[in-house]
Amino acid sequence: MSTGLRRLRRTTDSAPARDRASTAPAVRLAGVSVAYGSTLALADCSFEVARGETLALLGPSGSGKSTALKAVAGFENVVAGTVEINGRDVTRFPPAARGIGFVVQQYALFPHMTVRRNVAFGLTARRTPRSEVKPRVDEVLRMVGMFGFADRLPRELSGGQQQRVAIARALASRPDLLLLDEPLSALDTRLRQEMLVELQQLRRDLPDIAIVHVTHDQSEALALADRIALMRNARLESIDTADTLFHRPPSEFAATFLGGADILPVRAVDEIAPGGVGVLDHGGVPIRARSVDGVPRGRHLALAVRPWAWRFTGAEPANGFEVEVLDVQWRGSTRHVRVRVVATDQRLGVDVPVLQHAPPPGERLFVDVAPHDVHMVPAEKSA
Ligand SMILES: Nc1ncnc2c1ncn2[C@@H]1O[C@H](COP(=O)(O)OP(=O)(O)OP(=O)(O)O)[C@@H](O)[C@H]1O
C-alpha cells in the first residue's frame, strides 16, 4: 500500500475527518497552477464541485480543461495551490489514493481481457475479496447496459460499447467522484446523442456522486452539467449554471462560445435603467437592447446576438439593419446565412430554419431582432 493511501485510510477513519468530509464539497481547487516547462497550462484555477453535482469544464482546444481534470486526478504536478477531495488536501497524493473514477476519450481497455476482466481489473488490483468482485462487476455492467457482453473482447465491441465498458470500469470501485475527459468525442454524432441520454440516466442512478466532465462541445455541457466552468487560455473565465451563462452571458467569450453570438461594438446613446430597454449606437446606426444592470450614457460596450435571434424581413425593421447576404451554409436543420451590415460592414450570422426561404448571396434586405434577445456584455480590451 502506498504511503499516500495509508495516510488517506488513517484520516478517513477518524470521526472529525468524517464530519468534515460530509459537509465539504466533493472537489475544491484553490489557486491551482500547472506548468509544462515554460508553458503555463493552468493558471490560478479555483472552483468547487458539490456532492451530486455535475460540473462541465468547457472551452476551446488547448484552454487547459484536461490539465485541470488531471490536477484533480493527480496525474499532473501542481506547482501552486491546493486540491481537496471531500475536505481533505490531496495535492500530494497519488491518483490511486484519491477515490476517483477516470474515463478518457480513447476507452483504454486492455485488448486481451474480456469485458468482465477489464471492469474487474481495478478491484482485483486492490485485492477486493473475490466474493465481492462478481456482484459489483455485474451491477455496473447492468448499469451501463453491457451485462450481455461480459465475455466479449474489446475488439468485438463498437466504440460506444467500449466507452460504456470504460465507464463501468471507472464506477466499479464505487468512487465519490467521476472524472470524464471528452468521453464521447471519439463517437459518431448519432452514438453521441445516445450516450448523452445514457449519461443523463447514469446521473439519475448515482445521485450522490460528483462528476467533472471535460468537453469542447457546448451541447454536451448544456445537456449534462448543473454548472459550467468556461476555460480560456489556461484560465477559468466564468463559472455559473448552464442557464445563466447561456441566457445572461457575462462576457464576449461566453456569448460567442456558448451559442455562437456575433459581437457588435456599440455606445449607449442615453442612460439605460436596470431592466430597461435603451438605444445604442452601432457605427451611426441605432439598435435597441435590454440592460440587466443599467448602463450610463456614453458607455462603450458590446452587444452579443445569437444567429437564431435575427429574422430576415423585406421591410424597414423595428430593430435592426440593412444587410447584404455574403454566403449560405446548410447545417442540417438550419441554413446559416452570413451577412454584412451595409452601413458598418459588421459581419453577422443569421440562422434560417431549413423549411423557410434563405436569401441568396448578393441579395439586400433587412434583419430584425427583439431587444430582449440582444445581450449587453463588457467590451473586451483588445476590441
Ligand atoms: N504533456 C504536455 N507537455 C507540454 N505541454 C502540454 C502537455 N499537455 C498539455 N500541454 C499544453 O498545455 C495547454 C493546455 O492543454 P490541455 O490539454 O489542458 O488543453 P485542453 O483544453 O484540454 O485541450 P483539448 O480540448 O485540445 O484537449 C496547451 O497549450 C497544451 O499544448
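Start at 1 with the first residue, then count along the sequence. Just so you know, ligand 1 is whichever comes first in the structure, and atom 1 is the first atom listed for that ligand.
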Quiz: residues 295-310 side-chain donor-acceptor pairs under 3.5 angstrom, not counting sequence neighbours:
residue: R306; atom: NE; partner: L258; partner atom: O; Å: 3.2
residue: R306; atom: NH1; partner: F246; partner atom: O; Å: 2.9
residue: R306; atom: NH2; partner: F246; partner atom: O; Å: 3.1
residue: R306; atom: NH2; partner: L258; partner atom: O; Å: 2.6

Enumerate donor-acceptor pairs with a distance under 3.5 Å from any side-chain N or O in residues 281-289 to protein atoms, sequence neighbours excluded.
residue: D281; atom: OD1; partner: G284; partner atom: N; Å: 3.3
residue: D281; atom: OD2; partner: G284; partner atom: N; Å: 3.3
residue: H282; atom: ND1; partner: P265; partner atom: O; Å: 3.0
residue: H282; atom: NE2; partner: T344; partner atom: OG1; Å: 3.0

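Residues of the protein with a heavy atom under 4.0 Å from ligand 1 are Y36, A41, P60, S61, G62, S63, G64, K65, S66, T67, E182, listed by chain and number.
Looking at R232 and E380, a side-chain N of the basic residue comes within less than 4.0 Å of a carboxylate O on the acidic one, giving a salt bridge. By the 4.0 Å N-to-carboxylate-O rule, D176 lies too far from R174 to be salt-bridged with it. Using a cut-off of 4.0 Å between Lys/Arg side-chain N and Asp/Glu carboxylate O, D138 and R116 are scored as salt-bridged.
Residues passing the side chain to side chain contact (heavy atoms under 4.5 Å, CB included) test with T67, sequence neighbours excluded: V34, Y36, A41, L42.
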